[in-house]
Amino acid sequence: MIWNESKECMSRDELATLQSARLVKVVNKVYHNVEYYRKKMQELGLEPGDIRGIEDIEKLPFTTYEDLNKTYPFGLAAVPTSELVRVHASSGTTGKPKIGVYTRRDIEVWSECVARCLSMAGITRDDIIQVGYGYGLFTGGLGAHYGAEYLGALVLPMSTGNTQKLLDMMIDCQATAIACTPSYLLHVAEDIEKLGVLDKIKLKTAICGAEPWTDEMRDQMEKRLNIKAHDIYGLTEICGPGVACDCEFHKGLHIWEDHFLPEIIDPATHKDLPAGTDGELVITNLTKEGMPLIRYRTKDLTSLEIDKCECGRTMARIQRFKGRTDDMLIIRGVNVFPSQVEAALLNIDGTTPHYMLVVDRVDNTDTLEVQVEIAEKFFTDEVRGLEKLSNEIHNKLKSAIGLNAKVKLVEPNGLVHSDGKTKHVIDKRKLYS
Amino acid sequence: MFVKQLSVFLENKTGRLNDVLSIISGNGINILSISIADTSEFGVLRMLCEDPAKAHELLKEHGITSKVNDVIVVSIPQAVGSLEKVVRSLEQNDINIQYVYGLSLDDEGASIAMKTDDLEKTLEVLKNENVKLYSQNDM
Ligand SMILES: [Zn+2]
């Protein structure tokens with residue numbers, strides 16, 4: 001069901017007009033109310049009047065995690081503390097937490113965004129929903145909670161950490177929906193199977209987010225629990241979960257463009273890229289009052305599709321995340337993402353072998369060695385066959401990343417595994433020391 | 001009349017050959033012959049042993065890549081030019097030999113294991129030669 005048809009299905013032209021008006025307004029607001037942004041704009045010789053619509057977006061400066069770190073905690077707030085009603089935070093990889101502050105109106109907008117997502121997943125006011133995200137500084141718990149209440153569903157604020165309680169309440173209250181992380185839902189599915197209570201539960205929808213997941217995980221949870229599962233996306237800095245969600249056609253995550261203006265940029269040149277091209281997702285808060293961010297670099301790699309979806313919505317769809325710009329390597333001046341290597345290897349035999357990129361610098365020239373694990377299905381008793389495989393990998397990589405890599409076939413399990421995750425890059429160049 | 005050969009992928013690292021051999025013999029499987037084809041980067045160990053399927057499973061448990069495939073094992077008479085004669089007759093029948101290695105299975109003389117691009121046809125050709133073909137049961 002479409003919660004807010006006049007927005008979710010508006011024509012792209014109308015949308016552009018609305019976004020332009022909102023962008024002009026928010027740029028004026030940060031220029032006059034946030035010293036940090038005013039200085040950034042002044043350094044570029046920009047005045048609010050230079051921004052007349054979304055066509056001028058590229059003139060504006062980016063906001064990065066470093067900016068958040070420098071202005072922590074409230075340096076980017078655009079209203080006095082008296083107007084603010086809530087703080088959320090998520091941990092940064094280094095440095096200070098990433099923080100978001102909200103006015104009463106921000107909470108309302110956020111709740112509506114979440115309600116749109118829940119509605120997209122088929123949840124209505126007749127549903128009984130368990131919120132299995134943590135409640136607290138983390139946006140997941142309260143974000144899903146307020147959104148579900150806004151929708152009018154009956155909310156069970158379970159939080160995390162007590163799966164037995166979650167299952168008891170799921171059965172006793174006949175919960176029909178759940179919001180939690182995908183990995184937690186799979187854990188719950190395991191317990192349901194172990195206890196043999198699948199016939200006692202009435203769950204039909206799950207809305208999962210806060211961590212990346214795959215179609216295989218969706219298949220698993222849908223089959224094992226006999227439910228429909230949807231992917232919800234968001235960032236604390238921008239607002240929290242509810243920035244985007246996927247509809248029943250699963251052709252990407254519809255992003256609420258009337259509130260969040262998305263761009264895809266080339267992470268190296270910082271130029272905007274056209275729809276359908278892979279790059280870094282950049283988001284501008286068009287309506288946030290508390291702490292609107294201008295051109296925030298999410299570091300998430302994806303592309304946008306803007307053609308109308310079969311569900312009737314016109315809002316752009318964020319495609320599967322292909323990685324983080326943090327993973328980007330620059331080798332002989334060429335940008336290389338491990339995900340490109342992975343995609344090239346996938347074309348070898350329909351399956352992805354484990355791999356490792358080893359980057360080094362010999363005589364002032366970067367070298368790239370790609371180590372590929374020889375699992376049984378790639379193995380042949382003929383040396384010629386293995387050399388052919390090695391050449392094929394070399395050629396596929398050459399066309400995918402434009403570099404001549406040295407391919408080394410290695411035994412399985414020989415690659416470095418850390419914390420259960422497979423590490424894909426070893427950079428031996430001492431570039432920063 | 002094929003014989004099952006166990007082929008094992010080996011990185012060129014010290015100790016790997018020893019690891020593989022001790023996993024197999026350590027589980028009471030008799031190894032009859034080994035041969036290694038190597039490049040600067042990796043090697044393929046080829047061996048004939050008593051229970052290749054079990055050896056394959058054992059290596060798998062240890063995370064070592066291997067596979068079982070067919071080869072032809074023949075005994076070559078101890079006379080000058082007899083190996084050359086076998087090779088020539090395969091060539092005349094347009095059969096390409098992919099690899100061949102020697103082994104000693106009994107007291108009568110030299111034996112070879114070979115893999116060609118057409119094992120069935122190779123068998124037909126060899127049946128008309130003065131050679132003894134081994135089966136898996138002889139291993
Ligand atoms: Zn859709």
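In the text below, chain A, chain B and the rest are named by the order of the sequence lines, each starting its count at 1. This one's a predicted model, so the numbers in the text were calculated from it and none came from an experiment.
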Trainee: Rounded to the nearest 0.5 Å, how far does CZ of B/Phe42 lie from CD of A/Glu411?
Mentor: 12.0 Å
Trainee: Is the A/Tyr355 ring parallel, tilted or perpendicular to the A/His424 ring (thresholds 30°, 60°)?
Mentor: parallel
Trainee: If contact means a heavy atom pair closer than 4.5 Å, which residues of residues 15-40 of chain B contact chain A?
Mentor: B/Arg16, B/Ala37, B/Thr39
Trainee: Can you list the residues that meet the side chain to side chain contact (heavy atoms under 4.5 Å, CB included) rule with B/Thr14, with sequence neighbours excluded?
Mentor: none
Trainee: Residue by residue, which of residues 44-59 of chain B have a heavy atom closer than 4.5 Å to a heavy atom belonging to chain A?
Mentor: B/Val44, B/Arg46, B/His56
Trainee: Stepwise, does the salt bridge (Lys or Arg N to Asp or Glu O under 4.0 Å) test hold for A/Glu392 with A/Lys388?
Mentor: CA-CA 6 Å; A/Glu392 193 186 339; A/Lys388 193 173 150 240; 5.6 Å; no
Trainee: So A/Arg320 and A/Asp215, salt bridge (Lys or Arg N to Asp or Glu O under 4.0 Å) or not? Walk me through it.
Mentor: CA-CA 10 Å; A/Arg320 169 173 299 290; A/Asp215 287 339; 3.0 Å; yes
Trainee: Looking at residues at least two apart in the chain, or sitting in another chain, which of them share a side chain to side chain donor-acceptor pair (under 3.5 Å) with B/Arg88?
Mentor: B/Glu84
Trainee: When rounded to the nearest 0.5 angstrom, what distance separates CD in A/Glu190 from CZ in A/Arg224?
Mentor: 5.5 Å
Trainee: Tell me, do A/Asp278 and A/Ser303 make a side-chain contact under 4.5 Å, heavy atoms counted?
Mentor: yes
Trainee: Taking every heavy-atom pair that is under 4.5 Å apart, which of B/Val71, B/Asn12, B/Val8 has the most such pairs with chain A?
Mentor: B/Val8
Trainee: Which is it for A/Glu369 and A/Lys406 under the salt bridge (Lys or Arg N to Asp or Glu O under 4.0 Å) test, yes or no, and what are the steps along the way?
Mentor: CA-CA 5 Å; A/Glu369 177 176 281; A/Lys406 179 174 179 237; 3.3 Å; yes
Trainee: Evaluate A/Arg429 against A/Asp360 for salt bridge (Lys or Arg N to Asp or Glu O under 4.0 Å), listing each step before the verdict.
Mentor: CA-CA 5 Å; A/Arg429 298 172 296 181; A/Asp360 205 346; over 6 Å; no
Trainee: Measure distances from B/Phe9 to the heavy atoms of chain A and classify the residue's part below 4.5 Å as side chain, backbone, both or neither.
Mentor: both
